[in-house]
A.B. asks: 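One structure, pasted below without further comment.
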2 protein chains.
Amino acid sequence: MLSTTDNAEPLGRREQNKIDTRRAIADAALDLARSVGPGAFTVDQIAARAGVSRRTFFNYFHSAEDSLTVRTDTFLELALEVFGQRPQDEPLFEAIIRSFSETTRMEGLSLHGELFRMGDANPDLLRAQLHSWERAEARIVGALRRRLGAPASNLYLTALVGCVLSCTKAAMRDWAVSTPESGDDSGEQLEARILASLNMLRDGFVDPTATSAGPAAGS
Amino acid sequence: MLSTTDNAEPLGRREQNKIDTRRAIADAALDLARSVGPGAFTVDQIAARAGVSRRTFFNYFHSAEDSLTVRTDTFLELALEVFGQRPQDEPLFEAIIRSFSETTRMEGLSLHGELFRMGDANPDLLRAQLHSWERAEARIVGALRRRLGAPASNLYLTALVGCVLSCTKAAMRDWAVSTPESGDDSGEQLEARILASLNMLRDGFVDPTATSAGPAAGS
DNA sequence: GGGAGAATTTGCACACCGTGCAACAAGCCT
DNA sequence: AGGCTTGTTGCACGGTGTGCAAATTCTCCC
(Lines give C-alpha, C1' and ligand atoms only; values in the text may rest on other atoms or scores of the structure.)
Protein backbone atom coordinates (compact mmCIF):
# COMPACT_ATOMS: atom_id res chain seq x y z
CA MET A 1 0.00 0.00 0.00
CA LEU A 2 1.58 3.21 -1.13
CA SER A 3 1.31 6.16 1.15
CA THR A 4 0.72 9.50 -0.48
CA THR A 5 2.52 11.33 2.27
CA ASP A 6 5.92 9.96 3.00
CA ASN A 7 7.02 13.09 4.78
CA ALA A 8 9.22 12.26 7.72
CA GLU A 9 8.10 15.38 9.48
CA PRO A 10 8.62 15.50 13.23
CA LEU A 11 5.04 14.86 14.21
CA GLY A 12 4.10 14.73 17.85
CA ARG A 13 2.39 11.74 19.34
CA ARG A 14 -0.88 13.61 19.20
CA GLU A 15 -0.76 14.36 15.50
CA GLN A 16 0.44 10.90 14.63
CA ASN A 17 -2.27 9.24 16.68
CA LYS A 18 -4.96 11.23 14.98
CA ILE A 19 -3.62 10.35 11.56
CA ASP A 20 -3.42 6.71 12.53
CA THR A 21 -6.92 6.69 13.93
CA ARG A 22 -8.31 8.34 10.85
CA ARG A 23 -6.54 5.83 8.69
CA ALA A 24 -7.69 2.92 10.80
CA ILE A 25 -11.29 4.04 10.51
CA ALA A 26 -11.08 4.59 6.76
CA ASP A 27 -9.45 1.21 6.27
CA ALA A 28 -12.00 -0.52 8.45
CA ALA A 29 -14.82 1.05 6.46
CA LEU A 30 -13.22 0.00 3.20
CA ASP A 31 -12.75 -3.54 4.40
CA LEU A 32 -16.36 -3.76 5.44
CA ALA A 33 -17.59 -2.26 2.19
CA ARG A 34 -15.61 -4.87 0.34
CA SER A 35 -16.75 -7.81 2.39
CA VAL A 36 -20.41 -7.11 2.99
CA GLY A 37 -21.10 -4.44 0.40
CA PRO A 38 -21.51 -0.67 0.65
CA GLY A 39 -24.41 0.43 2.78
CA ALA A 40 -24.74 -2.98 4.36
CA PHE A 41 -22.93 -2.20 7.59
CA THR A 42 -23.29 0.15 10.53
CA VAL A 43 -21.09 2.75 12.09
CA ASP A 44 -20.73 0.54 15.14
CA GLN A 45 -19.18 -2.16 13.00
CA ILE A 46 -16.68 0.26 11.50
CA ALA A 47 -15.78 1.60 14.92
CA ALA A 48 -15.39 -1.87 16.37
CA ARG A 49 -13.14 -3.00 13.54
CA ALA A 50 -11.08 0.18 13.80
CA GLY A 51 -10.72 -0.32 17.52
CA VAL A 52 -12.34 2.93 18.55
CA SER A 53 -15.64 3.87 20.09
CA ARG A 54 -18.68 4.76 18.08
CA ARG A 55 -18.43 8.28 19.40
CA THR A 56 -14.87 8.66 18.21
CA PHE A 57 -15.90 7.61 14.74
CA PHE A 58 -18.20 10.61 14.64
CA ASN A 59 -15.37 12.82 15.81
CA TYR A 60 -13.65 12.02 12.53
CA PHE A 61 -16.46 11.54 10.04
CA HIS A 62 -19.95 12.80 9.63
CA SER A 63 -21.30 9.50 8.32
CA ALA A 64 -20.31 6.02 7.31
CA GLU A 65 -20.19 7.02 3.67
CA ASP A 66 -17.84 9.89 4.39
CA SER A 67 -15.25 7.50 5.68
CA LEU A 68 -15.26 5.88 2.24
CA THR A 69 -14.41 9.05 0.38
CA VAL A 70 -11.03 9.52 2.00
CA ARG A 71 -9.28 7.89 -0.92
CA THR A 72 -11.15 9.99 -3.42
CA ASP A 73 -10.29 13.10 -1.46
CA THR A 74 -6.61 12.30 -1.32
CA PHE A 75 -6.55 11.42 -5.02
CA LEU A 76 -7.93 14.80 -5.95
CA GLU A 77 -5.79 16.53 -3.38
CA LEU A 78 -2.75 14.89 -4.84
CA ALA A 79 -3.70 15.91 -8.35
CA LEU A 80 -4.05 19.48 -7.17
CA GLU A 81 -0.68 19.32 -5.47
CA VAL A 82 0.97 18.03 -8.62
CA PHE A 83 -0.71 20.77 -10.59
CA GLY A 84 0.63 23.36 -8.21
CA GLN A 85 4.17 22.27 -8.97
CA ARG A 86 3.82 22.66 -12.71
CA PRO A 87 5.73 25.56 -14.29
CA GLN A 88 3.66 28.72 -14.43
CA ASP A 89 4.34 29.30 -18.12
CA GLU A 90 3.16 25.88 -19.23
CA PRO A 91 0.02 26.01 -21.37
CA LEU A 92 -3.03 25.50 -19.19
CA PHE A 93 -4.42 22.33 -20.68
CA GLU A 94 -0.98 20.87 -20.87
CA ALA A 95 -0.56 21.39 -17.15
CA ILE A 96 -3.97 19.99 -16.36
CA ILE A 97 -3.56 16.90 -18.49
CA ARG A 98 -0.13 16.18 -17.10
CA SER A 99 -1.29 16.65 -13.54
CA PHE A 100 -4.01 14.08 -13.82
CA SER A 101 -2.12 11.51 -15.80
CA GLU A 102 0.84 11.87 -13.51
CA THR A 103 -1.42 11.42 -10.51
CA THR A 104 -3.00 8.29 -11.92
CA ARG A 105 0.48 6.92 -12.35
CA MET A 106 1.28 7.12 -8.66
CA GLU A 107 -2.00 6.09 -7.12
CA GLY A 108 -3.45 2.75 -6.21
CA LEU A 109 -5.79 2.64 -9.15
CA SER A 110 -7.93 -0.46 -9.01
CA LEU A 111 -9.32 0.90 -5.79
CA HIS A 112 -10.92 3.82 -7.55
CA GLY A 113 -12.67 1.56 -10.01
CA GLU A 114 -13.96 -0.39 -7.06
CA LEU A 115 -15.21 2.76 -5.38
CA PHE A 116 -16.94 3.89 -8.53
CA ARG A 117 -18.79 0.63 -8.79
CA MET A 118 -19.72 0.84 -5.13
CA GLY A 119 -21.14 4.29 -5.72
CA ASP A 120 -23.31 2.95 -8.52
CA ALA A 121 -24.82 0.46 -6.11
CA ASN A 122 -25.33 2.81 -3.18
CA PRO A 123 -27.00 6.20 -3.53
CA ASP A 124 -25.72 7.55 -0.24
CA LEU A 125 -22.17 6.65 -1.12
CA LEU A 126 -22.60 8.20 -4.54
CA ARG A 127 -23.72 11.42 -2.91
CA ALA A 128 -20.71 11.43 -0.65
CA GLN A 129 -18.46 10.90 -3.65
CA LEU A 130 -20.11 13.67 -5.61
CA HIS A 131 -19.62 15.91 -2.63
CA SER A 132 -15.97 14.96 -2.53
CA TRP A 133 -15.53 16.03 -6.15
CA GLU A 134 -17.43 19.20 -5.43
CA ARG A 135 -15.12 20.13 -2.58
CA ALA A 136 -12.13 19.43 -4.79
CA GLU A 137 -13.64 21.65 -7.45
CA ALA A 138 -13.73 24.57 -5.07
CA ARG A 139 -10.11 24.07 -4.07
CA ILE A 140 -8.99 23.75 -7.69
CA VAL A 141 -10.82 26.91 -8.65
CA GLY A 142 -8.87 28.68 -5.95
CA ALA A 143 -5.58 27.32 -7.22
CA LEU A 144 -6.41 28.24 -10.78
CA ARG A 145 -7.42 31.71 -9.77
CA ARG A 146 -4.03 32.20 -8.17
CA ARG A 147 -2.35 30.92 -11.30
CA LEU A 148 -4.31 32.85 -13.88
CA GLY A 149 -4.74 36.01 -11.87
CA ALA A 150 -7.27 38.73 -12.41
CA PRO A 151 -8.11 38.38 -16.12
CA ALA A 152 -9.99 35.12 -15.62
CA SER A 153 -13.65 35.68 -14.79
CA ASN A 154 -15.35 33.69 -12.13
CA LEU A 155 -17.65 32.04 -14.62
CA TYR A 156 -14.73 31.02 -16.78
CA LEU A 157 -12.92 29.48 -13.85
CA THR A 158 -15.80 27.52 -12.40
CA ALA A 159 -16.98 26.32 -15.79
CA LEU A 160 -13.52 25.23 -16.81
CA VAL A 161 -12.77 23.39 -13.62
CA GLY A 162 -16.19 21.78 -13.62
CA CYS A 163 -15.59 20.56 -17.17
CA VAL A 164 -12.13 19.25 -16.42
CA LEU A 165 -13.42 17.30 -13.46
CA SER A 166 -16.40 16.07 -15.43
CA CYS A 167 -14.08 14.76 -18.07
CA THR A 168 -11.89 13.06 -15.51
CA LYS A 169 -14.96 11.62 -13.87
CA ALA A 170 -16.28 10.38 -17.19
CA ALA A 171 -12.91 8.82 -17.94
CA MET A 172 -12.82 7.06 -14.60
CA ARG A 173 -16.37 5.86 -14.95
CA ASP A 174 -15.82 4.55 -18.46
CA TRP A 175 -12.65 2.89 -17.29
CA ALA A 176 -14.31 1.46 -14.21
CA VAL A 177 -17.17 -0.14 -16.06
CA SER A 178 -15.14 -1.45 -18.98
CA THR A 179 -12.26 -2.78 -16.93
CA PRO A 180 -13.85 -5.36 -14.70
CA GLU A 181 -11.94 -6.20 -11.56
CA SER A 182 -8.61 -5.46 -13.09
CA GLY A 183 -5.27 -5.54 -11.41
CA ASP A 184 -3.09 -2.53 -10.90
CA ASP A 185 -1.67 -2.78 -14.40
CA SER A 186 -4.54 -0.98 -16.11
CA GLY A 187 -3.20 2.45 -15.28
CA GLU A 188 -2.43 3.11 -18.89
CA GLN A 189 -6.02 2.41 -19.81
CA LEU A 190 -7.22 5.05 -17.43
CA GLU A 191 -4.53 7.50 -18.39
CA ALA A 192 -5.47 7.12 -22.03
CA ARG A 193 -9.10 7.81 -21.27
CA ILE A 194 -8.34 10.89 -19.23
CA LEU A 195 -6.12 12.12 -22.01
CA ALA A 196 -8.80 11.41 -24.58
CA SER A 197 -11.59 13.14 -22.70
CA LEU A 198 -9.50 16.21 -21.90
CA ASN A 199 -8.49 16.42 -25.53
CA MET A 200 -12.14 16.30 -26.49
CA LEU A 201 -12.70 19.16 -24.10
CA ARG A 202 -9.86 21.17 -25.57
CA ASP A 203 -11.22 20.59 -29.05
CA GLY A 204 -14.75 21.62 -28.11
CA PHE A 205 -16.24 18.14 -28.60
CA VAL A 206 -16.36 18.61 -32.34
CA ASP A 207 -16.24 14.99 -33.39
CA PRO A 208 -18.89 12.57 -32.14
CA THR A 209 -16.97 9.67 -33.65
CA ALA A 210 -14.03 10.12 -31.33
CA THR A 211 -12.47 6.84 -30.32
CA SER A 212 -13.28 5.56 -26.86
CA ALA A 213 -9.77 5.20 -25.57
CA GLY A 214 -7.04 4.65 -28.05
CA PRO A 215 -3.40 4.42 -27.04
CA ALA A 216 -2.75 7.52 -29.12
CA ALA A 217 -4.93 10.59 -28.86
CA GLY A 218 -2.66 13.31 -30.08
CA SER A 219 -3.45 16.96 -29.91
CA MET B 1 -47.19 29.50 -9.81
CA LEU B 2 -46.63 28.02 -13.22
CA SER B 3 -47.13 24.33 -13.57
CA THR B 4 -44.78 22.54 -15.90
CA THR B 5 -47.43 20.01 -16.80
CA ASP B 6 -50.66 21.59 -17.86
CA ASN B 7 -51.83 18.43 -19.52
CA ALA B 8 -55.53 18.01 -19.11
CA GLU B 9 -55.13 14.28 -19.24
CA PRO B 10 -57.94 12.21 -17.85
CA LEU B 11 -56.23 11.38 -14.61
CA GLY B 12 -58.03 9.23 -12.13
CA ARG B 13 -58.61 10.36 -8.59
CA ARG B 14 -55.77 8.11 -7.51
CA GLU B 15 -53.17 9.63 -9.78
CA GLN B 16 -54.30 13.14 -9.06
CA ASN B 17 -54.18 12.63 -5.31
CA LYS B 18 -50.66 11.32 -5.49
CA ILE B 19 -49.55 14.27 -7.54
CA ASP B 20 -51.23 16.65 -5.14
CA THR B 21 -49.71 14.98 -2.11
CA ARG B 22 -46.26 15.04 -3.63
CA ARG B 23 -46.69 18.68 -4.44
CA ALA B 24 -48.01 19.50 -1.01
CA ILE B 25 -45.02 17.86 0.61
CA ALA B 26 -42.53 19.57 -1.66
CA ASP B 27 -44.19 22.93 -1.08
CA ALA B 28 -44.27 22.41 2.66
CA ALA B 29 -40.57 21.56 2.68
CA LEU B 30 -39.78 24.63 0.62
CA ASP B 31 -41.80 26.86 2.89
CA LEU B 32 -40.00 25.52 5.91
CA ALA B 33 -36.60 25.86 4.31
CA ARG B 34 -37.43 29.46 3.56
CA SER B 35 -38.72 30.34 6.98
CA VAL B 36 -36.38 28.51 9.34
CA GLY B 37 -33.51 27.69 6.99
CA PRO B 38 -32.45 24.48 5.26
CA GLY B 39 -31.55 21.67 7.59
CA ALA B 40 -33.23 23.37 10.53
CA PHE B 41 -36.45 21.41 10.48
CA THR B 42 -37.58 17.82 10.83
CA VAL B 43 -39.52 15.47 8.63
CA ASP B 44 -42.36 15.59 11.14
CA GLN B 45 -42.69 19.30 10.59
CA ILE B 46 -42.84 18.89 6.83
CA ALA B 47 -45.43 16.15 7.13
CA ALA B 48 -47.53 18.16 9.55
CA ARG B 49 -47.48 21.19 7.30
CA ALA B 50 -48.32 19.09 4.27
CA GLY B 51 -51.20 17.49 6.12
CA VAL B 52 -49.93 13.94 5.89
CA SER B 53 -48.40 11.50 8.29
CA ARG B 54 -44.71 11.12 8.83
CA ARG B 55 -44.91 7.67 7.31
CA THR B 56 -46.52 8.99 4.16
CA PHE B 57 -43.72 11.48 3.74
CA PHE B 58 -41.31 8.59 3.53
CA ASN B 59 -43.52 6.93 0.96
CA TYR B 60 -42.74 9.85 -1.31
CA PHE B 61 -39.21 10.90 -0.39
CA HIS B 62 -36.19 9.24 1.04
CA SER B 63 -35.18 12.22 3.13
CA ALA B 64 -36.06 15.80 3.94
CA GLU B 65 -33.45 17.06 1.50
CA ASP B 66 -34.87 15.00 -1.32
CA SER B 67 -38.14 16.82 -1.07
CA LEU B 68 -36.24 20.02 -1.83
CA THR B 69 -34.78 18.77 -5.09
CA VAL B 70 -38.11 18.35 -6.82
CA ARG B 71 -37.79 21.71 -8.51
CA THR B 72 -34.28 20.98 -9.67
CA ASP B 73 -35.42 17.65 -11.02
CA THR B 74 -38.28 19.14 -12.97
CA PHE B 75 -36.07 21.91 -14.31
CA LEU B 76 -33.62 19.42 -15.76
CA GLU B 77 -36.41 17.14 -16.92
CA LEU B 78 -37.97 20.05 -18.73
CA ALA B 79 -34.69 20.96 -20.38
CA LEU B 80 -34.34 17.39 -21.57
CA GLU B 81 -37.86 17.43 -22.90
CA VAL B 82 -37.24 20.64 -24.83
CA PHE B 83 -34.05 19.16 -26.19
CA GLY B 84 -35.93 16.11 -27.38
CA GLN B 85 -38.17 18.31 -29.50
CA ARG B 86 -35.31 20.01 -31.32
CA PRO B 87 -34.85 19.09 -34.98
CA GLN B 88 -32.52 16.16 -35.45
CA ASP B 89 -30.37 17.93 -38.00
CA GLU B 90 -29.67 20.97 -35.84
CA PRO B 91 -26.01 21.26 -34.86
CA LEU B 92 -25.47 19.66 -31.49
CA PHE B 93 -24.31 22.65 -29.51
CA GLU B 94 -26.96 24.79 -31.07
CA ALA B 95 -29.61 22.40 -29.84
CA ILE B 96 -28.11 22.20 -26.38
CA ILE B 97 -27.75 25.92 -25.96
CA ARG B 98 -31.26 26.59 -27.17
CA SER B 99 -32.72 23.92 -24.93
CA PHE B 100 -31.27 25.40 -21.80
CA SER B 101 -31.90 29.01 -22.57
CA GLU B 102 -35.43 28.20 -23.64
CA THR B 103 -35.97 26.31 -20.42
CA THR B 104 -34.71 29.16 -18.29
CA ARG B 105 -37.21 31.34 -20.06
CA MET B 106 -40.19 29.32 -18.91
CA GLU B 107 -39.18 28.46 -15.38
CA GLY B 108 -39.62 30.17 -12.06
CA LEU B 109 -36.07 31.35 -11.90
CA SER B 110 -35.45 33.17 -8.66
CA LEU B 111 -36.28 29.94 -6.91
CA HIS B 112 -33.24 28.24 -8.35
CA GLY B 113 -30.96 30.94 -7.10
CA GLU B 114 -32.51 30.49 -3.70
CA LEU B 115 -31.98 26.75 -3.81
CA PHE B 116 -28.37 27.20 -4.84
CA ARG B 117 -27.72 29.44 -1.90
CA MET B 118 -29.45 26.98 0.39
CA GLY B 119 -27.19 24.25 -0.89
CA ASP B 120 -24.16 26.33 -0.06
CA ALA B 121 -25.31 26.56 3.52
CA ASN B 122 -26.32 22.95 3.98
CA PRO B 123 -24.07 20.05 3.00
CA ASP B 124 -26.82 17.45 2.99
CA LEU B 125 -28.95 19.55 0.71
CA LEU B 126 -25.98 20.13 -1.55
CA ARG B 127 -25.47 16.41 -1.81
CA ALA B 128 -29.08 15.88 -2.72
CA GLN B 129 -28.80 18.55 -5.40
CA LEU B 130 -25.63 17.07 -6.81
CA HIS B 131 -27.40 13.74 -6.96
CA SER B 132 -30.25 15.36 -8.79
CA TRP B 133 -27.88 16.66 -11.45
CA GLU B 134 -26.23 13.27 -11.61
CA ARG B 135 -29.52 11.52 -12.29
CA ALA B 136 -30.31 14.05 -14.98
CA GLU B 137 -26.91 13.44 -16.51
CA ALA B 138 -27.70 9.76 -16.93
CA ARG B 139 -31.01 10.52 -18.58
CA ILE B 140 -29.46 13.06 -20.92
CA VAL B 141 -26.72 10.66 -21.94
CA GLY B 142 -29.46 8.25 -22.91
CA ALA B 143 -31.26 10.86 -24.97
CA LEU B 144 -28.07 11.92 -26.66
CA ARG B 145 -27.15 8.37 -27.46
CA ARG B 146 -30.46 7.94 -29.23
CA ARG B 147 -29.86 11.13 -31.14
CA LEU B 148 -26.28 10.56 -32.18
CA GLY B 149 -26.53 6.84 -32.68
CA ALA B 150 -23.71 4.36 -32.75
CA PRO B 151 -20.74 6.50 -33.85
CA ALA B 152 -20.58 8.34 -30.51
CA SER B 153 -18.43 6.53 -28.00
CA ASN B 154 -19.52 6.15 -24.43
CA LEU B 155 -16.67 8.27 -23.18
CA TYR B 156 -17.53 11.02 -25.61
CA LEU B 157 -21.15 11.05 -24.52
CA THR B 158 -20.59 11.04 -20.79
CA ALA B 159 -17.79 13.59 -20.98
CA LEU B 160 -19.81 15.90 -23.17
CA VAL B 161 -22.94 15.75 -21.07
CA GLY B 162 -20.94 16.16 -17.90
CA CYS B 163 -19.31 19.26 -19.32
CA VAL B 164 -22.57 20.74 -20.54
CA LEU B 165 -24.13 20.29 -17.14
CA SER B 166 -21.04 21.61 -15.41
CA CYS B 167 -21.23 24.73 -17.51
CA THR B 168 -24.91 25.16 -16.77
CA LYS B 169 -24.24 24.60 -13.12
CA ALA B 170 -21.40 27.12 -13.15
CA ALA B 171 -23.64 29.61 -14.89
CA MET B 172 -26.40 29.16 -12.34
CA ARG B 173 -23.97 29.38 -9.47
CA ASP B 174 -22.35 32.53 -10.78
CA TRP B 175 -25.76 33.98 -11.41
CA ALA B 176 -27.03 32.96 -8.00
CA VAL B 177 -24.20 34.53 -6.07
CA SER B 178 -24.01 37.71 -8.10
CA THR B 179 -27.74 38.32 -8.26
CA PRO B 180 -28.75 38.69 -4.67
CA GLU B 181 -32.41 38.09 -3.93
CA SER B 182 -33.51 39.19 -7.33
CA GLY B 183 -36.99 39.13 -8.68
CA ASP B 184 -38.14 37.05 -11.62
CA ASP B 185 -36.83 39.55 -14.15
CA SER B 186 -33.22 38.41 -14.05
CA GLY B 187 -33.83 35.59 -16.48
CA GLU B 188 -31.78 37.32 -19.13
CA GLN B 189 -28.84 37.48 -16.78
CA LEU B 190 -28.94 33.74 -16.31
CA GLU B 191 -29.54 33.03 -19.96
CA ALA B 192 -26.54 35.15 -20.88
CA ARG B 193 -24.33 33.26 -18.48
CA ILE B 194 -25.45 29.88 -19.73
CA LEU B 195 -24.82 31.05 -23.25
CA ALA B 196 -21.41 32.36 -22.29
CA SER B 197 -20.29 29.23 -20.51
CA LEU B 198 -21.51 26.90 -23.24
CA ASN B 199 -19.73 29.03 -25.80
CA MET B 200 -16.57 28.73 -23.76
CA LEU B 201 -17.06 25.00 -23.85
CA ARG B 202 -17.56 24.96 -27.59
CA ASP B 203 -14.41 27.02 -28.05
CA GLY B 204 -12.33 24.79 -25.82
CA PHE B 205 -11.84 27.40 -23.11
CA VAL B 206 -9.14 29.10 -25.11
CA ASP B 207 -9.43 32.57 -23.66
CA PRO B 208 -9.01 33.10 -19.93
CA THR B 209 -10.07 36.69 -20.31
CA ALA B 210 -13.55 35.78 -21.43
CA THR B 211 -16.20 38.11 -20.11
CA SER B 212 -18.32 36.87 -17.27
CA ALA B 213 -21.72 37.40 -18.81
CA GLY B 214 -23.08 39.61 -21.54
CA PRO B 215 -23.72 43.29 -20.88
CA ALA B 216 -22.93 43.27 -17.18
CA ALA B 217 -19.63 41.65 -16.23
CA GLY B 218 -19.35 40.26 -12.73
CA SER B 219 -16.34 39.81 -10.42
C1' DG C 1 10.18 12.43 37.24
C1' DG C 2 6.34 14.63 38.02
C1' DG C 3 2.50 17.48 37.93
C1' DA C 4 -0.40 21.30 35.73
C1' DG C 5 -2.87 21.91 31.66
C1' DA C 6 -4.45 20.99 27.00
C1' DA C 7 -6.25 17.79 23.69
C1' DT C 8 -8.60 13.46 22.77
C1' DT C 9 -11.50 9.48 23.75
C1' DT C 10 -15.39 7.51 25.63
C1' DG C 11 -20.03 6.49 27.62
C1' DC C 12 -24.42 8.21 28.02
C1' DA C 13 -28.64 10.41 26.80
C1' DC C 14 -31.70 12.04 23.55
C1' DA C 15 -34.07 13.51 19.47
C1' DC C 16 -34.49 12.19 14.95
C1' DC C 17 -34.25 9.06 10.86
C1' DG C 18 -35.80 5.35 7.64
C1' DT C 19 -38.37 1.12 6.98
C1' DG C 20 -41.08 -3.37 7.57
C1' DC C 21 -45.53 -4.61 8.84
C1' DA C 22 -50.33 -4.93 9.44
C1' DA C 23 -54.57 -2.54 9.92
C1' DC C 24 -57.35 0.82 7.77
C1' DA C 25 -59.34 3.95 4.22
C1' DA C 26 -60.14 5.50 -0.33
C1' DG C 27 -60.63 5.04 -5.29
C1' DC C 28 -61.90 1.53 -9.04
C1' DC C 29 -64.52 -1.99 -11.65
C1' DT C 30 -68.35 -4.94 -12.81
C1' DA D 1 -73.25 -2.62 -3.62
C1' DG D 2 -69.34 -5.40 -2.89
C1' DG D 3 -65.05 -7.16 -3.89
C1' DC D 4 -60.43 -5.68 -5.58
C1' DT D 5 -56.56 -2.68 -5.85
C1' DT D 6 -53.94 1.03 -4.25
C1' DG D 7 -52.56 4.36 -0.96
C1' DT D 8 -52.35 6.03 4.10
C1' DT D 9 -51.40 5.58 8.84
C1' DG D 10 -49.68 4.09 13.39
C1' DC D 11 -46.45 1.38 15.55
C1' DA D 12 -42.18 -0.64 16.57
C1' DC D 13 -37.41 -1.00 16.17
C1' DG D 14 -32.68 -0.56 15.04
C1' DG D 15 -29.57 2.98 13.44
C1' DT D 16 -27.86 7.92 13.21
C1' DG D 17 -25.61 12.18 14.75
C1' DT D 18 -24.51 15.28 18.54
C1' DG D 19 -24.11 17.72 23.21
C1' DC D 20 -22.06 16.97 27.47
C1' DA D 21 -19.12 15.69 31.18
C1' DA D 22 -15.99 12.31 33.03
C1' DA D 23 -11.92 9.73 32.10
C1' DT D 24 -7.72 9.15 29.61
C1' DT D 25 -3.61 10.47 27.04
C1' DC D 26 -0.20 13.60 25.48
C1' DT D 27 2.70 17.99 26.12
C1' DC D 28 5.44 20.98 28.36
C1' DC D 29 8.08 22.94 31.76
C1' DC D 30 10.01 22.95 36.31
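By convention in this document, chain letters (A, B, ...) are assigned in the order of the sequence lines, proteins followed by strands, and residues within each chain are numbered from 1.
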A.B. asks: Whether A:Ser53 contacts C:dT10 is assessed here as follows: a side-chain N or O lying under 4.0 Å from the phosphate OP1 or OP2. Is that the case?
C.D. replies: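 For C:dT10, OP1 or OP2 has a side-chain N or O of A:Ser53 closer than 4.0 Å.
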A.B. asks: So which one's nearest nucleotide on DNA chain C is more toward 5', B:Phe57 or B:Glu15?
C.D. replies: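 Upstream on the strand: B:Phe57.
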A.B. asks: Do the non-hydrogen side-chain atoms of B:Arg105 and B:Glu191 ever get within less than 4.5 Å of each other?
C.D. replies: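 SC-SC contact between B:Arg105 and B:Glu191 confirmed.
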A.B. asks: Under a 4.5 Å cut-off applied to non-hydrogen side-chain atoms, are B:Cys167 and B:Phe205 in contact?
C.D. replies: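 A side-chain contact under 4.5 Å exists here.
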A.B. asks: Would you say B:Thr21 places a side-chain N or O within less than 4.0 Å of OP1 or OP2 belonging to D:dT8?
C.D. replies: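 Yes, because at least one side-chain N or O of B:Thr21 sits under 4.0 Å from OP1 or OP2 of D:dT8.
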A.B. asks: Between A:Ser132 and A:Thr72, is any side-chain donor less than 3.5 angstrom from a side-chain acceptor?
C.D. replies: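 The answer is no; no qualifying pair exists.
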A.B. asks: Nearest of D:dC20, C:dG18, D:dT9 to any side-chain atom of A:Arg55?
C.D. replies: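 Comparing D:dC20, C:dG18, D:dT9 against the side chain of A:Arg55, the answer is D:dC20.
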A.B. asks: Just how far, in rounded Å, is P of C:dC16 from CG of B:Asp124?
C.D. replies: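 These atoms are roughly 16 Å apart.
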A.B. asks: So B:Asn59, base contact, sugar-phosphate only, or nothing? Heavy-atom distance under 4.0 Å.
C.D. replies: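 Touches a base.
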A.B. asks: So, is B:Tyr60 close to the D:dT8 phosphate, meaning a side-chain N or O under 4.0 Å from OP1 or OP2?
C.D. replies: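 Answer is yes, contact under 4.0 Å.
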A.B. asks: Rounded to whole Å, please give me the gap between CZ in B:Phe58 and C1' in D:dG15.
C.D. replies: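 To the nearest whole Å, that distance equals 13 Å.
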A.B. asks: Given atom CG of B:Asp20 and atom P of C:dA26, what is their separation to the nearest angstrom?
C.D. replies: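 Going from CG in B:Asp20 over to P in C:dA26 covers 16 Å.
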A.B. asks: Identify whether any heavy atom of B:Asn17 sits under 4.0 Å from a base atom; if not, whether one sits that close to sugar-phosphate; answer base, sugar-phosphate or nothing.
C.D. replies: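 Since only primed, P, OP1 and OP2 atoms lie under 4.0 Å of B:Asn17, the category is sugar-phosphate.
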A.B. asks: May I have the distance from B:Arg54 (atom CZ) to D:dA12 (atom C1'), rounded to whole angstrom?
C.D. replies: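 Answer to the nearest Å: 11 Å.
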A.B. asks: Ignoring hydrogens and angles, are the base of D:dT5 and the side chain of B:Arg14 linked by a donor-acceptor pair under 3.5 Å?
C.D. replies: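 Indeed there is one.
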A.B. asks: Which whole-number value in Å describes the distance from A:Asp66 CG to D:dT16 C1'?
C.D. replies: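 Distance check: A:Asp66 CG to D:dT16 C1' gives 13 Å.
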A.B. asks: Base, sugar-phosphate alone, or nothing: which one does B:Arg13 contact when heavy atoms must sit under 4.0 Å apart?
C.D. replies: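 Result for B:Arg13 = sugar-phosphate.
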A.B. asks: Hey, is the side chain of B:His62 poking within less than 4.0 Å of OP1 or OP2 on C:dC17, counting only N and O atoms?
C.D. replies: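 So the side-chain polar atoms of B:His62 never come under 4.0 Å of the phosphate oxygens OP1 or OP2 of C:dC17.
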A.B. asks: Do the side-chain N or O atoms of A:Thr42 get closer than 4.0 angstrom to the phosphate oxygens (OP1, OP2) of D:dG15?
C.D. replies: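 No, A:Thr42 has no side-chain N/O under 4.0 Å of OP1/OP2 on D:dG15.
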